[in-house]
Amino acid sequence: MALVVQKYGGSSVADGEKIMNVARRIARTAQDGNRVVTVVSAMGDTTDELLELAYNVSDSPSSRELDVLLSTGEIVSSTLLAMALKSLGESAISLTGAQAGIRTDNSYSRARIMNIDPKRIVNELDKGNIVIVAGFQGINEDMDTTTLGRGGSDTTAVALAVSLKADKCEIYTDVQGVYTADPRIVSQAVKLDEIGYEEMLEMSTYGAKVMHPRAVELGQIYGVPILVASSFMDKPGTLIHGGISMEGRNKVTGIAHDLNVAKITILGVPDRPGIAAAIFERLAGAAISVDTIVQNASTENITDLTFTIAKSDLGPAMEIVKPLAAEIGARDFVSDSGVGKVSIIGTGIQNTPGFAARMFTALSRESINIMLISTSEIRITCIIKEDKVKDAIRALHKAFELEQA
Ligand code: ADP
Ligand code: ASP
Ligand code: MG
């Protein structure tokens with residue numbers, strides 16, 4: 001008997017009717033002779049609504065309480081799904097992250113899974129139950145609830161597939177798979193039949209929210225192929241795996257974009273050793289990830305330092321930068337939350353001349369100004385004005401002829 005882990009996202013369980021649809025799909029998988037573990041996200045926009053409730057009563061809600069609050073969204077959907085399955089005559093049981101044995105570190109709102117004790121899940125499977133696990137959550141060593149970061153139910157699913165040595169890991173969502181760009185923005189975007197872990201990791205890290213980056217990373221480390229497919233249609237989907245053929249290398253696979261970006265510039269920074277370390281150590285200490293960093297060539301030993309962070313981290317980052325700028329003798333600092341990122345991703349980008357030129361030309365034809373550029377072996381990212389991001393994605397999709405993918 002094969003063991004299948006399936007994950008259903010928020011829009012797939014947004015109301016009672018959709019939960020019944022998902023229950024019928026799971027029941028079919030079980031009736032085909034599989035042992036099934038299902039991971040669910042919170043219904044529809046529940047997580048956003050819970051966040052709003054928290055910010056209605058506090059400007060800076062306690063991170064511990066916030067994680068417990070947000071975890072309830074997934075508990076609601078998991079219990080309803082178990083009830084729906086029972087109404088179809090299946091044996092099913094819901095488990096919270098803690099009951100499922102998911103242990104994390106202590107970083108509230110962005111916890112990482114440390115290990116999983118799958119005893120209870122295996123026990124329930126042995127009893128003939130379909131097991132429904134509430135996604136996006138675990139417990140830390142103090143038995144406090146933690147959450148894995150927005151979109152983290154994907155990571156719950158892949159981590160469970162690893163821990164249970166599942167035969168299949170399937171992520172069901174509201175699109176038919178991974179596309180050359182967000183199909184909600186580019187109507188000509190093409191669904192990919194397969195994509196390698198590296199490219200998918202870069203796509204999701206740079207904004208393609210169809211997969212949580214940590215889930216892709218776990219898939220890659222443990223060699224678990226991940227199928228992304230529609231929860232509404234029986235269509236083939238996209239397989240994320242490591243055995244991509246050499247054919248089709250050295251080309252752009254997809255365009256990713258991210259609107260959760262802010263830019264901070266510290267002006268008139270004395271150019272001496274230790275200054276950058278002081279800034280970025282302080283930000284790292286507050287668990288703020290810094291992305292693109294640009295330091296201008298210094299004149300008379302004075303330089304400007306610009307970096308990007310998640311827009312949602314701008315408040316805490318400015319709290320750090322304000323006193324720090326004074327400490328290091330910087331002239332001033334400014335922030336801009338009206339920026340976004342657009343990236344081209346594909347194997348061999350850095351080794352193939354012409355990709356960068358083609359990207360910059362496509363953007364300039366749309367009169368889009370590039371503020372910052374960062375690259376990796378398989379990616380080029382431009383920071384541009386937020387309100388130009390959609391035009392940029394469409395222009396790049398055309399320039400790299402991705403509608404013919
Ligand atoms: P779920 O609730 O199922 O986890 P998400 O909203 O997190 O779903 O992710 C699916 C969404 O990701 C799609 O509706 C789509 O708008 C967006 N998306 C962004 N980039 C891509 C891409 N390259 N391919 C497919 N979907 C993408
Ligand atoms: N419900 C959480 C979120 O909205 C986790 C998830 O959907 O994966 O981010
Ligand atoms: Mg998601």
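As the structure lists them, so they are numbered: ligands from 1, and atoms in each ligand from 1.
Atoms of ligand 1 found under 4.0 Å from any heavy atom of Thr173 (numbered from 1 in listed order, with element): 1 (P), 3 (O), 8 (O), 10 (C). Using a 4.0 Å cut-off to heavy atoms of Met203, the atoms of ligand 1 that qualify are 23 (N). In the vicinity of Ala208, heavy-atom distances shorter than 4.0 Å reach the ligand 1 atoms 20 (N). Remark: ligand 1 atoms within the under-4.0 Å shell around heavy atoms of Val178 are 24 (N). Near Gly10, with a cut-off below 4.0 Å to any heavy atom, the atoms of ligand 1 are 2 (O). Counting atoms of ligand 1 from 1 in the listed order, those under 4.0 Å from a heavy atom of Ala181 are 22 (C), 23 (N). Atom numbering of ligand 1 starts at 1 in the shown order; those under 4.0 Å from a heavy atom of Pro183 are 24 (N), 25 (C), 26 (N), 27 (C).
Remark: distances from the non-hydrogen atoms of Gly177 to ligand 1 include one below 4.0 Å. Heavy atoms of Lys7 come nearer than 4.0 angstrom to ligand 1 in at least one pair. Using a 4.0 Å cutoff on heavy atoms, His212 does not count as a contact of ligand 1.
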- Given ring-ring contact (aromatic ring centres under 6.0 Å, His included), test Phe307 with Phe280 step by step and report yes or no. CA-CA 10 Å; Phe307 54 90; Phe280 296 117; 5.3 Å; yes
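There is no side-chain donor-acceptor pair under 3.5 Å between Gln137 and Thr147. Looking at Arg379 and Ser374, their side chains do bring a donor and an acceptor atom within 3.5 Å of each other. A side-chain N or O of Thr146 and one of Thr104 form a donor-acceptor pair less than 3.5 Å apart. At a cut-off of 3.5 Å, with distance as the only test, no side-chain donor of Glu194 or Thr238 sits close to an acceptor on the other residue.
An N or O contact shorter than 3.5 Å links Gly151 to ligand 2 by distance. The shortest N/O to N/O separation between Asp154 and ligand 1 does not fall below 3.5 Å.
Under 4.0 Å from ligand 1, the heavy atoms of Val175 that appear belong solely to its side chain. The backbone and the side chain of Lys209 each have at least one atom closer than 4.0 Å to an atom of ligand 1 (non-hydrogen atoms only).
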